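Taking it in order: structure first as structure tokens, then the write-up.
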Amino acid sequence: MVKKSYINEVVSLKVKNRRTPICGVVLEYNDHWTLMKSNPVDYVIDGYMLINNKKVSAFRQDEEELFKQNIVQRKGVLSGTSGLMLSENETALFFTIQNTYGLLQFELKSEKICYIGSIIDVQSEQITVQLVDSYARKTDTMDILINEIVSVHFDNDYTNSLKLVMDTE
């Protein structure tokens, strides 16, 4: 879990079974989840991500993260929040994310595969997602065990772009 001293700072999280660390600005955390602004590459901040703390093996803030922090701070993107409050109640947390952001991106076992969709049901141990393809067309539904989620990304360029097309069709 990320320490409180890293709130509003850039850190990298080493995730089990993932080659590439996840980088972002820590906004909030609890025992189960860390909420971050996503820093997918270089000095770009693109949406938010919710990271499952059980999947995190280490975190760091070394010279690279401090340099990124200096740049994103100068860009003015360290301040501000998602408006989302982490709740110990995971059912409420996922419903809030769904109701606020709509289309979500789920990473499970592989960093090379993600699932895009909208949550249609939340149970205590799993969520049901209406998946969409890369053309924003509804496809299958999928049950996802909450403890298998590595990360949930939302309000990013990719999901917001798909929402633009979904809203007009």
Side-chain angles (χ1 to χ4, degrees), residues 1-2 10-41 44-56 59 72 77 80-169:
M1 174 172 43
V2 177
V10 176
V11 299
S12 290
L13 304 176
K14 174 68 178 132
V15 176
K16 299 170 190 167
N17 300 322
R18 194 176 202 279
R19 293 180 66 168
T20 312
I22 295 175
C23 187
V25 179
V26 177
L27 298 176
E28 187 179 351
Y29 70 91
N30 63 24
D31 290 339
H32 305 286
W33 300 96
T34 298
L35 177 63
M36 302 175 79
K37 286 185 179 182
S38 179
N39 175 217
V41 63
V44 174
I45 300 295
D46 185 20
Y48 301 94
M49 57 188 166
L50 192 62
I51 309 297
N52 184 340
N53 290 337
K54 293 177 188 171
K55 306 295 183 182
V56 175
F59 65 93
V72 296
V77 294
T81 67
S82 67
L84 184 66
M85 297 294 291
L86 289 185
S87 167
E88 293 296 326
N89 179 339
E90 290 178 332
T91 302
L93 175 62
F94 283 105
F95 270 129
T96 300
I97 292 171
Q98 173 59 42
N99 291 336
T100 305
Y101 297 102
L103 203 57
L104 312 173
Q105 179 179 331
F106 299 89
E107 179 186 325
L108 303 177
K109 295 177 183 173
S110 171
E111 67 187 284
K112 296 179 181 181
I113 300 172
C114 68
Y115 301 92
I116 309 293
S118 299
I119 296 173
I120 54 177
D121 190 32
V122 181
Q123 301 297 320
S124 62
E125 296 182 9
Q126 77 177 19
I127 58 175
T128 303
V129 177
Q130 172 66 62
L131 299 174
V132 298
D133 63 17
S134 60
Y135 293 97
R137 297 178 299 221
K138 290 182 180 179
T139 61
D140 301 324
T141 60
M142 178 180 186
D143 291 330
I144 300 173
L145 293 173
I146 291 173
N147 66 0
E148 289 185 2
I149 296 171
V150 173
S151 64
V152 181
H153 297 252
F154 49 94
D155 197 25
N156 58 25
D157 185 65
Y158 190 79
T159 58
N160 288 339
S161 296
L162 288 176
K163 285 187 334 188
L164 290 173
V165 178
M166 290 176 72
D167 291 343
T168 61
E169 295 185 358

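For clarity, every value in this text was computed on a predicted model and none was experimentally measured.
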Item to check | Donor-acceptor pair between D46 and S38 side chains, under 3.5 angstrom | outcome: no
Checklist entry - Does the side chain of T141 come within less than 4.5 Å of Q130's, by heavy atoms? => result yes
Item to check | All side-chain hydrogen bond (donor to acceptor under 3.5 Å, both in side chains) counterparts of N156, not counting sequence neighbours | outcome: Q105, T159
Checklist entry - Do L103 and I116 touch side chain to side chain, with heavy atoms closer than 4.5 Å? => result yes
Next on the checklist: Please enumerate all residues that pass side-chain hydrogen bond (donor to acceptor under 3.5 Å, both in side chains) together with Q98, with sequence neighbours excluded.
Outcome noted: none
Checklist entry - Quick one: side-chain hydrogen bond (donor to acceptor under 3.5 Å, both in side chains) pairs with a partner in residues 108-120, sequence neighbours left out? => result T20-E111
Item to check | K37 side chain vs V77 backbone, donor-acceptor pair below 3.5 Å | outcome: yes
Next on the checklist: If I compare all heavy atoms of L131 with all of M142, which pair ends up nearest, and what's the gap?
Outcome noted: CD1-CB, 3.9 Å
Would you give me the side-chain donor-acceptor pairs under 3.5 Å for residues 143-151, sequence neighbours excluded?
from, atom 1, to, atom 2, distance (Å)
D143, OD1, T128, OG1, 2.7
S151, OG, H153, NE2, 3.1

Item to check | Validation row: K55, R18 side chains within 4.5 angstrom (heavy atoms) | outcome: no
Checklist entry - Mind checking what makes side chain to side chain contact (heavy atoms under 4.5 Å, CB included) contact with S161, not counting sequence neighbours? => result D157
Item to check | F154 side chain near T100 side chain, heavy-atom distance below 4.5 Å | outcome: no
Checklist entry - Taking only residues two or more places apart in sequence or in another chain, which ones pass salt bridge (Lys or Arg N to Asp or Glu O under 4.0 Å) with E90? => result none
Next on the checklist: According to side-chain hydrogen bond (donor to acceptor under 3.5 Å, both in side chains), who are the partners of N89, at least two apart in sequence or on a separate chain?
Outcome noted: none
Item to check | Heavy-atom pair of closest approach, residues M49 and C23 | outcome: CE-O, 3.1 Å
Checklist entry - Around atom CG of N17, are there more than 12 heavy atoms of other residues, nucleotides or ligands at under 6.0 Å? => result no
Next on the checklist: Can you classify the ring geometry of Y101 versus Y48 as parallel (below 30°), tilted (30 to 60°) or perpendicular (above 60°)?
Outcome noted: tilted
Checklist entry - Hey, are the side chains of W33 and I51 touching, using non-hydrogen atoms and a 4.5 Å cut-off? => result no
Item to check | Nearest heavy-atom neighbours spanning N53 and T34 | outcome: OD1-OG1, 2.6 Å
Checklist outcome for this item: Tightest non-hydrogen contact, residues M166 and V132, listed as CE-CG1, 3.9 Å
Next on the checklist: Exactly one of C114, S134, P40 should register a side chain to side chain contact (heavy atoms under 4.5 Å, CB included) with Y158. Which one does?
Outcome noted: S134
Next on the checklist: side chain to side chain contact (heavy atoms under 4.5 Å, CB included) for M36 and V25? Distances and angles first, verdict last.
Outcome noted: CA-CA 5 Å; M36 302 175 79; V25 179; 5.9 Å; no
Checklist entry - Does a side-chain heavy-atom distance below 4.5 Å link L86 with L93? => result yes
Checklist outcome for this item: Contacts of D133 meeting side-chain hydrogen bond (donor to acceptor under 3.5 Å, both in side chains) (sequence neighbours excluded), chain-then-number -> R137
Checklist outcome for this item: What one should report as the nearest heavy-atom pair of L35 and L84 is CD2-O, 3.9 Å
Item to check | Other residues, nucleotides, ligands: >12 heavy atoms within 6.0 Å of K14 NZ | outcome: yes
